[in-house]
Visitor: 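To start, I am sharing the structure in question, which I have written as structure tokens.
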Amino acid sequence: MKIGVLGTGNMADALATHWVRAGHEVFVGGRDEQKAQRLATRIGGAAGHGSLQAAVSFGEVVLAALPYGAGADVAREHQSALKGKVLLDCANPVGPGFRLLTEGGPSAALRLAAAAPGVHVVKAFNLCHEDVWRMNPPVFDGQPLTVPICGDDEAALALARKLVRDTGCEPVAGGGLDRAGLLEATAALYIGLWVAEQADVRAIAPPLTYATGPRAESA
């Protein structure tokens, strides 16, 4: 699969490294092409590098590994080249005090979709720190990390599921793109609990077998 990466930061590094290991062709694009070159060299696997436009043109799937706000601007700037492609959004619109910056308005993912009509946005990879994504693979107590994904196009979701599995994780359907805001709000909640309260968010909910309470013993 050809994957264009928009951005040269930690998420771009962590995810693209997995995908190169899995045999995908990766092209890193940045406004600073020297940073894109350094990241491509670090990723290895003959990863390409160049401008944002070049990365968009290269990928059948494009990862928007950009800060909240910048993603919509880049999508708008390159909307014609993005049309018909899959755009993975891993951004978290979380501000000071773990506040959700999109509260009362469209999610970050929906803003990306509005900025580039015809693109197939999929929300994924936003619930964990970049160093979790550097794990090879992200497995905890013998269980692979589960990655919720939200999107409206089945072909786009199929590609996203493939890329989730190529990180060593398991995808799970989170619903349509209209539910991406729930993933973003979950990230805001989790980050606050992890950082401010030092809480283990796995303890918030019971295991699946107890999701509806204790099961009565059969007679």
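When a residue number appears, it is its place in the shown sequence, counting from 1. Remember, predicted model here, so these are calculated numbers, not experimental data.
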Visitor: Excluding sequence neighbours, so at least two apart, what forms salt bridge (charged side-chain N to carboxylate O under 4.0 Å, His left out) with D141?
Guide: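 Per chain and number, D141 pairs via salt bridge (charged side-chain N to carboxylate O under 4.0 Å, His left out) with R202.
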
Visitor: Could you work out, with side chain to side chain contact (heavy atoms under 4.5 Å, CB included) as the rule, every residue matching D131, not counting sequence neighbours?
Guide: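 Partners of D131 under the side chain to side chain contact (heavy atoms under 4.5 Å, CB included) test: H129, R134.
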
Visitor: Name the atoms and distances for all side-chain donor-acceptor pairs under 3.5 Å in residues 165-177, with sequence neighbours left out.
Guide:
residue : atom : partner : partner atom : Å
D166    : OD1  : K162    : NZ           : 3.4
D166    : OD2  : H24     : NE2          : 2.6
T167    : OG1  : V164    : O            : 2.6

Visitor: Taking only Lys NZ, Arg NE, NH1 and NH2, and the carboxylate oxygens of Asp or Glu, determine whether R179 and E184 approach each other closer than 4.0 Å.
Guide: no

Visitor: Counting only N and O atoms by type, is there a donor-acceptor contact under 3.5 Å from the side chain of N92 to the main-chain atoms of N126?
Guide: yes

Visitor: For H18 and W133, indicate whether the former's side chain and the latter's backbone hold a donor-acceptor pair under 3.5 Å.
Guide: yes

Visitor: I want to check something: taking the side chain as every heavy atom from C-beta on, are K2 and V26 in contact at a cut-off of under 4.5 Å?
Guide: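 Not touching, per the 4.5 Å side-chain cut-off.
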
Visitor: Is there a side-chain contact between V62 and L88, using heavy atoms and a 4.5 Å cut-off?
Guide: no

Visitor: Just wondering, do W19 and I43 contact through their side chains at under 4.5 Å, heavy atoms?
Guide: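 Not touching, per the 4.5 Å side-chain cut-off.
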
Visitor: With rounding to the nearest 0.5 Å, note down the distance linking CD in E154 to CG in L159.
Guide: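 That separation rounds to 10.0 Å.
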
Visitor: Going by salt bridge (charged side-chain N to carboxylate O under 4.0 Å, His left out), name the pairs with one or both residues in residues 85-103, residues two or more places apart or in two chains.
Guide: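 For residues 85-103: D89-K123.
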
Visitor: Write out all pairs satisfying side-chain hydrogen bond (donor to acceptor under 3.5 Å, both in side chains) with one or both partners inside residues 43-59, taking only residues at least two apart or from two chains.
Guide: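 As it turns out, the side-chain hydrogen bond (donor to acceptor under 3.5 Å, both in side chains) pairs with a partner in residues 43-59, which skip direct neighbours, are Q53-S57, Q53-H78.
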
Visitor: Side chain of Q198, backbone of W194: donor and acceptor closer than 3.5 Å?
Guide: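 Between the backbone of W194 and the side chain of Q198 there is a qualifying donor-acceptor contact (under 3.5 Å).
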
Visitor: Is there side-chain contact between V61 and L163, with at least one heavy-atom pair below 4.5 Å?
Guide: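 They are in contact (side-chain heavy atoms under 4.5 Å apart), so the answer is yes.
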
Visitor: Applying salt bridge (charged side-chain N to carboxylate O under 4.0 Å, His left out) as the test, list every pair that has at least one member in residues 59-76; sequence neighbours left out.
Guide: D73-R76

